[in-house]
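Please read all numbers here as calculations on a predicted model, not as lab measurements.
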Amino acid sequence: LILLLGGVIAFHLQYPNYLNYSTRRPHLSQLNQNQLSLMLMYLIGLEHAEGRNGCTLESLAEAVHLPWEPVAELLDRLMDGGLLVSTEGANKCYLPARDTDAILLADIIRVVRNAGDCMNVPIRGNGQTPITACLRDLEQESAALFGQRSLRDLLQVNDAVNRIVA
């Protein structure tokens, strides 16, 4: 019993992000998933742009102050969507799958929104229901919001901010 308690204490000292979620796995809302996916892609793109080796799951989870599980789930979605690749080996690192100029912000959001077992929920009728119109408007709004802005655009904003602060 003492050994078990010591193990639990040591775990929480090493990984304090789990203290907020002691009895359950965090479930992120769609908005939080969008925010986290953009943040993960930004962090990975920044590491890549600065010529570093890439980000590990542990470093990303620590950077966003979340347990590994939701971070790993989104990284898997981004990899399945062709936006990320990972290195093999003990220290698995994540890198952009393409040039950061070719990764559009709208694509990041689309990959996260469309992830799942069933891509389209069947809707009765002729396909022109108020629901389909609403969903089409949502897609168009997202595309209009991000336009052709890419991951590189975010990284360049970071460079400009750093030059102003320095």
Can you give the donor-acceptor pairs under 3.5 Å from side chains of residues 39-48 to other protein atoms, not counting sequence neighbours?
residue: Y42; atom: OH; partner: N158; partner atom: OD1; Å: 2.9
residue: E47; atom: OE2; partner: R52; partner atom: NH1; Å: 2.7

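- Of the inter-residue distances, the one linking R110 atom CZ with F146 atom CZ reads 12.5 Å to the nearest 0.5 angstrom.
- Counting heavy atoms of neighbouring residues, nucleotides and ligands inside a 6.0 Å radius, atom CD of Q140 exceeds 12 of them.
- Atom CG of N32 has more than 12 heavy atoms from other residues, nucleotides or ligands within 6.0 Å.
- Residues Q148 and D153 have side chains not in contact (no heavy-atom distance under 4.5 Å, counting atoms from C-beta outward).
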Return all side-chain donor-acceptor pairs below 3.5 angstrom for residues 78-96, not counting sequence neighbours, or 'none' if the list is empty.
residue: T87; atom: OG1; partner: C93; partner atom: N; Å: 2.9

Might you work through the side chain to side chain contact (heavy atoms under 4.5 Å, CB included) test for I109 and L38, ending with a clear yes or no? CA-CA 8 Å; I109 299 300; L38 288 169; 3.9 Å; yes

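- In plain terms, the two heavy atoms of L155 and A49 that are nearest each other are CD1-CB, 4.3 Å.
- Two residues are said to be in side-chain contact when any heavy atoms from C-beta on lie closer than 4.5 Å; R77 and Q33 meet this criterion.
- Considering CD of Q30 and CD of Q35, their distance stands at 11.0 Å, rounded to 0.5 Å.
- Expressed to the nearest 0.5 Å, how far OG1 of T56 lies from CG of L75 amounts to 10.0 Å.
- Just one of I108, L28, V112 meets the side chain to side chain contact (heavy atoms under 4.5 Å, CB included) condition when paired with N34; it is V112.
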Donor-acceptor pairs are to be reported for all side-chain atoms of residues 100-107 against protein atoms at under 3.5 Å, with residues two or more places apart or in another chain.
residue: T100; atom: OG1; partner: R152; partner atom: NE; Å: 3.3
residue: D101; atom: OD1; partner: S150; partner atom: OG; Å: 3.4

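- Interatomic distance, S37 OG to L74 CG, rounded to the nearest 0.5 Å: 6.0 Å.
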